[in-house]
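Below is one structure, written out as structure tokens; comments come after it.
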Amino acid sequence: MKLASWNINSIRQRHTHVQQWLTKEQPDWLFLQEIKCQNEQFPAEIFEEMGYQVIVNGQKAYNGVAILSRHPYQLNHTVLPDLNEEDPQARYLEIESQGIILCNLYLPNGNSGGEEGFQRKIHFINTLIKRAEHLLKNKQDCIFAGDFNICPTNQDYAPQTLSSDDALVKSESRNGFYQLLWLGLTDALRAIYPTETLYTFWDYTRGAWQRNAGLRIDHALLSPKIAERLQSFTINKSERDKEQPSDHVPVIIEF
DNA sequence: ATGACCGGAATCTCCGGA
């Protein structure tokens, strides 16, 4: 099986990139984040014509997640269960397909909105930990993948790209990521590449791509049985070199 | 010391992104 995740930074700007990439890679599932449109604005037809079912959880202007699936599925959640927010943003999409619970994530960045904005990120992570705990307790095969907006260690961001109090590297954010690992989930990239410096995002500004001033913030966390079956982790860096790219590139796991 | 580069929405400039 092949599962990919890609923060696309507007599906309307980059549906052709996705179409061409799908033709080449043919994943079983593609998780998209930051689609930046409402459900009815998502160009579903072009992907349906390619044999994908399209599940969209969008909102106006910002955020928004979607899953493209080659297989039948059951929709589980469009809001992270127990996330007690009055007006939850479109940052979560959970389905079951081929016997696996597939959770597509777009965590809050946490740098805007002051302390309140940061606490919303921490609340999201804590609620995610509870969801993972629940699924693992029930012995469910599951995958949590997407844009976590967390650099787990200092190796996961290029020197001088972020300050030590940035929400992507703050210990509260990282501790949440570590707690997911301590529950028994496997960081798929580190299972394959324990020590290499690898990034999945390069800022549009400051020549970040040319200087390789990147971040590793797009992750895939696997439940134990899936982790045992893990065969590869691929970062499609070449997408960052294309015309009008997203600032994130696709990441792919095979198992 | 500061801005840079994007997309979206609502204007003739802003906010969020990471």
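Numbers restart at 1 for each chain; the letters A, B, ... are given by sequence-line order, proteins then strands.
- Every residue meeting the side chain to side chain contact (heavy atoms under 4.5 Å, CB included) condition with Thr16(A), not counting sequence neighbours, appears here in chain and number order: Gln20(A).
- Every residue was checked against the side-chain hydrogen bond (donor to acceptor under 3.5 Å, both in side chains) condition with Ser173(A), not counting sequence neighbours, and none meets it.
- Among residues two or more places apart in sequence or in another chain, the ring-ring contact (aromatic ring centres under 6.0 Å, His included) test is passed with Phe177(A) by Phe148(A), His219(A).
- dT13(B) and dA18(B): their P atoms are spaced 26 Å apart (whole Å).
- Between His248(A) and dG17(B) there is no side-chain N or O to OP1 or OP2 distance below 4.0 Å.
- The stretch residues 146-165 of chain A touches DNA chain B through Asp147(A), Asn149(A), each having a heavy atom within less than 4.0 Å of the strand.
- Here, dA10(B) and dG16(B) have their C1' atoms 15 Å apart, quoted to the whole Å.
- The distance from atom CZ of Phe201(A) to atom P of dG17(B) is 12 Å, rounded to the nearest whole Å.
- Straight-line distance between the C1' atoms of dG7(B) and dT11(B): roughly 15 Å, to the nearest whole Å.
- The C1' atoms of dG17(B) and dA4(B) are separated by 14 Å, rounded to the nearest whole Å.
- Atom C1' of nucleotide dG17(B) and atom CD of Gln89(A) are separated by 12 Å, given to the nearest angstrom.
- For the contact set between residues 106-122 of chain A and DNA chain B, defined by any heavy atom under 4.0 Å, the members are Tyr106(A), Asn109(A), Ser112(A).
- A side chain to side chain donor-acceptor pair (under 3.5 Å) check over residues 225-235 of chain A, counting only residues at least two apart or in different chains, returns the pairs Ser232(A)-Glu254(A).
- Evaluation of the side-chain hydrogen bond (donor to acceptor under 3.5 Å, both in side chains) rule for Asn138(A) yields His134(A) as partners, not counting sequence neighbours.
- For Tyr106(A) (side chain) and Gly146(A) (main-chain N/O), no donor-acceptor pair under 3.5 Å exists by modelled atom type.
- Among residues at least two apart or in separate chains, side chain to side chain donor-acceptor pair (under 3.5 Å) pairs with a member in residues 55-76 of chain A are Gln26(A)-Arg70(A), Asp28(A)-His71(A), Trp29(A)-Ser69(A), Tyr52(A)-Arg70(A), Gln59(A)-Asn63(A), Asn63(A)-Arg91(A), Asn76(A)-Glu94(A).
- Asn7(A) comes within 4.0 angstrom of sugar-phosphate atoms only, judged by non-hydrogen atoms across all strands, and of no base.
- Taking the P atoms as reference points, dC15(B) lies 14 Å from dG3(B), given to the whole Å.
- Among residue pairs with one or both ends in residues 41-50 of chain A, none qualify as side chain to side chain donor-acceptor pair (under 3.5 Å); sequence neighbours excluded.
- Between the CG atom of Asp247(A) and the C1' atom of dG16(B) there is a distance of 12 Å, rounded to whole Å.
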**OP:** Let me have a per-nucleotide readout for nucleotides 5-15 of chain B, 5' to 3', with B, S or -, counting only protein heavy atoms under 4.0 Å.
**Re:** BSBSSS----B
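- Take Thr205(A) and apply the side chain to side chain contact (heavy atoms under 4.5 Å, CB included) test, not counting sequence neighbours, and it matches Asp203(A).
- Legend: residues meeting side chain to side chain contact (heavy atoms under 4.5 Å, CB included) with Gln210(A), ordered by chain and number and at least two apart, are absent.
- In this model, a donor atom of one side chain and an acceptor atom of the other lie less than 3.5 Å apart for Asn9(A) and Lys36(A).
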